[in-house]
K.L.:
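Got a structure here, written out as structure tokens. Questions coming.
Because only heavy atoms are used, hydrogens play no part in the values below, and waters and symmetry mates are left out as well, while side chains stay in.
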Amino acid sequence: MDVPWLLVAHGSVTALVVVSFLCGQWPIFEGTFVQRINHFLTFGAYHHLLRLVHAACGNGARDLVLGVESYCCDRPNPILQIFYVAIIGVTYFIIVQTSFQYIPGYYVSGLHRYLSIVAVAIGALLFVLTSFSDPGTVTAENVSQYLSAYPYDGIIFEEKECSTCKITRPARAKHCRICDKCVARFDHHCGWMNNCIGEKNTRYFVAFLVWHFLICLYGAVILGFILAGELKERKVVYILTVYYGIDNSFSGLFPHVAQWLLAVHNTQILLAVFLAIIALLLGGFCAYHTHLCLTNTTTNETFKWQDYIMWRKKVNEEKAAANGEVRKSPPSKWKAFFSRSHTEADETIVKNNIYDRGMIRNMCEVFVPLSERLVRNGSHFPARNLI
């Protein structure tokens, strides 16, 4: 009867690690063990590994590790692409080998055998489109096209020359140090795609996230129905209550049902838990990037606005100190996190995103980039005249 408690403990530790890795830098966790776990996972573990390698094998081994890090993090490479293909291929192979024998089942029809193939094939197609499509590379030949599409806002984007490409950098563009090229409407460089996410492939990237979220959710639900069908067909609850006298209640049946499932269908449970965790993570990424699309903002611009607002706050604080104003003690981080109210200094700092033209037009811009509309129209008028 200890098995369910081991499963709960394993799930709790997994959830703590995932939350610490993804959310450990949030202000609400400042000074807590969650922040310390995040620091260890993102920085501490690697530095301890370097020290261990240096102590055990010397400078040569340490330089080798640093070289591998440079190749993996600072140069285009297909490592994560291969890893993605391996995860999808191995997971689907295990599902076919261990779970297709239960399809059709009590709650699952045989149609899902073929739906799963279509779902994986569409996911692979979106992966290829995102990985190998042009993100919107800015060159001397097309720079005027992008200059016309996106005006400078004079806050986070001002006209200046890219020191590497030696061309005027359009608004919303950025030079990717990994790909070594300027990308229009730059969002971020995605290691999983071995490609930048920019103006021309954001649509494929968002579709990839949404589709894989749905695939993982679909797989977890189908596996859950398979397990429920096995309980029904084998009359597990009936046997436990009638022949073994177990109380017909959730608290009475759960330990015994869980123990039976772990003994007979442990592979399906592990697959369902794995897919549910991946779906949870992808759901967060989907929500974040959907919000970016609806507000016509990129990840790069989000960081730029954060830096700008922090700089303005610092300037306001320095002005207040110079004028001899006494600032009230700041609220606790928990109250500040959950409170919707803003301080007077915060309210004076406005995020004026000139590229936000409403949710419908913003989504249209993602699916039909402005530069493509300019080419089709054969014009170089400002983007606001095209939408």
Side-chain angles (χ1 to χ4, degrees), residues 6-7 9-94 127 130-132 135 163-164 174-181 183 186-197 205 208-209 212 216 270-271 273-275 277-278 280-282 284-285 288 299-300 302-303 306-307:
L6 291 175
L7 185 63
H10 178 269
S12 301
V13 172
T14 303
L16 176 62
V17 171
V18 171
V19 171
S20 299
F21 180 74
L22 296 177
C23 313
Q25 295 184 1
W26 288 9
I28 192 174
F29 295 118
E30 184 178 353
T32 65
F33 66 93
V34 174
Q35 186 187 49
R36 290 193 288 271
I37 295 175
N38 174 271
H39 183 271
F40 176 78
L41 292 175
T42 54
F43 299 102
Y46 177 68
H47 289 302
H48 286 303
L49 174 64
L50 281 180
R51 290 181 181 179
L52 178 63
V53 170
H54 182 265
C57 305
N59 290 330
R62 182 176 180 273
D63 292 340
L64 177 61
V65 174
L66 291 174
V68 172
E69 177 202 0
S70 176
Y71 174 76
C72 294
C73 302
D74 299 327
R75 293 162 52 188
N77 65 81
I79 294 177
L80 288 180
Q81 287 178 302
I82 296 172
F83 189 48
Y84 161 81
V85 173
I87 291 176
I88 294 296
V90 171
T91 303
Y92 188 68
F93 176 79
I94 294 175
F127 173 74
T130 310
S131 298
F132 300 102
S163 58
T164 305
K174 182 182 178 182
H175 187 90
C176 177
R177 63 179 181 84
I178 298 177
C179 295
D180 194 27
K181 60 186 178 184
V183 177
F186 179 86
D187 190 274
H188 70 287
H189 180 89
C190 181
W192 290 97
M193 305 297 172
N194 193 26
N195 196 8
C196 287
I197 305 302
F205 178 73
F208 171 87
L209 288 179
H212 279 71
C216 293
L270 291 175
L271 286 171
V273 171
F274 171 73
L275 291 175
I277 292 175
I278 299 300
L280 184 64
L281 296 177
L282 288 175
F285 284 116
Y288 174 70
T299 303
N300 177 54
T302 300
F303 290 132
Q306 288 176 354
D307 293 340

K.L.:
Using 0.5 Å steps for rounding, measure from the CZ atom of Arg177 to the OG1 atom of Thr164.
P.N.:
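So the CZ of Arg177 and the OG1 of Thr164 are separated by 12.5 Å.
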K.L.:
Crowded around Tyr46 OH? As in, over 12 foreign heavy atoms under 6.0 Å?
P.N.:
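More than 12 within 6.0 Å, yes.
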K.L.:
Using 0.5 Å steps for rounding, measure from the CG atom of Leu270 to the CG atom of Leu275.
P.N.:
11.0 Å
K.L.:
Testing Trp192, Phe127, Tyr84 one by one against His212 for a ring-ring contact (aromatic ring centres under 6.0 Å, His included), which residue passes?
P.N.:
Tyr84
K.L.:
For the residue pair Tyr288 and Thr302, what are the closest heavy atoms and their distance?
P.N.:
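Looking at all heavy atoms of both residues, the shortest contact is OH-OG1, 3.9 Å.
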K.L.:
If you measure from NE2 on His39 to NE2 on His47, what distance do you get to the nearest 0.5 Å?
P.N.:
7.0 Å
K.L.:
Check the side chains of Asp180 and His175 for a donor-acceptor pair under 3.5 angstrom, ignoring hydrogens and angles.
P.N.:
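Present: a donor and an acceptor within the cut-off.
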K.L.:
Are any non-hydrogen side-chain atoms of Phe303 and His188 less than 4.5 angstrom apart?
P.N.:
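They are not in side-chain contact.
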K.L.:
Flag yes if more than 12 heavy atoms outside Phe83 fall under 6.0 Å of its CZ atom; otherwise flag no.
P.N.:
no
K.L.:
Given side chains that start at C-beta, do those of Pro135 and Lys181 come closer than 4.5 Å, heavy atoms only?
P.N.:
yes
K.L.:
Counting only N and O atoms by type, is there a donor-acceptor contact under 3.5 Å from the side chain of Asn195 to the main-chain atoms of Met193?
P.N.:
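It does not hold such a pair.
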K.L.:
Checking Phe274 now: which residues fulfil side chain to side chain contact (heavy atoms under 4.5 Å, CB included) with it, not counting sequence neighbours?
P.N.:
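Testing Phe274 for side chain to side chain contact (heavy atoms under 4.5 Å, CB included), a comparison that skips the adjacent residues, returns Ile87, Thr91, Ile278.
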K.L.:
Could you measure the distance from the CG atom of Asn194 to the SG atom of Cys179? Nearest 0.5 Å is fine.
P.N.:
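Asn194 CG to Cys179 SG: 7.0 Å, rounded to 0.5 Å.
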K.L.:
Can any side-chain N or O of Asp187 pair as donor or acceptor with the backbone N or O of Ile197 at less than 3.5 Å?
P.N.:
no
K.L.:
Report all side-chain donor-acceptor pairs from residues 58-68 shorter than 3.5 Å, counting only partners two or more places apart or in another chain.
P.N.:
| from | atom 1 | to | atom 2 | distance (Å) |
| --- | --- | --- | --- | --- |
| Asn59 | OD1 | His54 | NE2 | 2.6 |

K.L.:
From Thr130 OG1 over to Gln81 CD, what is the distance, rounded to the nearest 0.5 angstrom?
P.N.:
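With rounding to 0.5 Å, OG1 (Thr130) is 10.5 Å from CD (Gln81).
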K.L.:
Can you tell me how far apart SG (Cys190) and CG (Leu209) are? Round to the nearest 0.5 Å.
P.N.:
8.0 Å
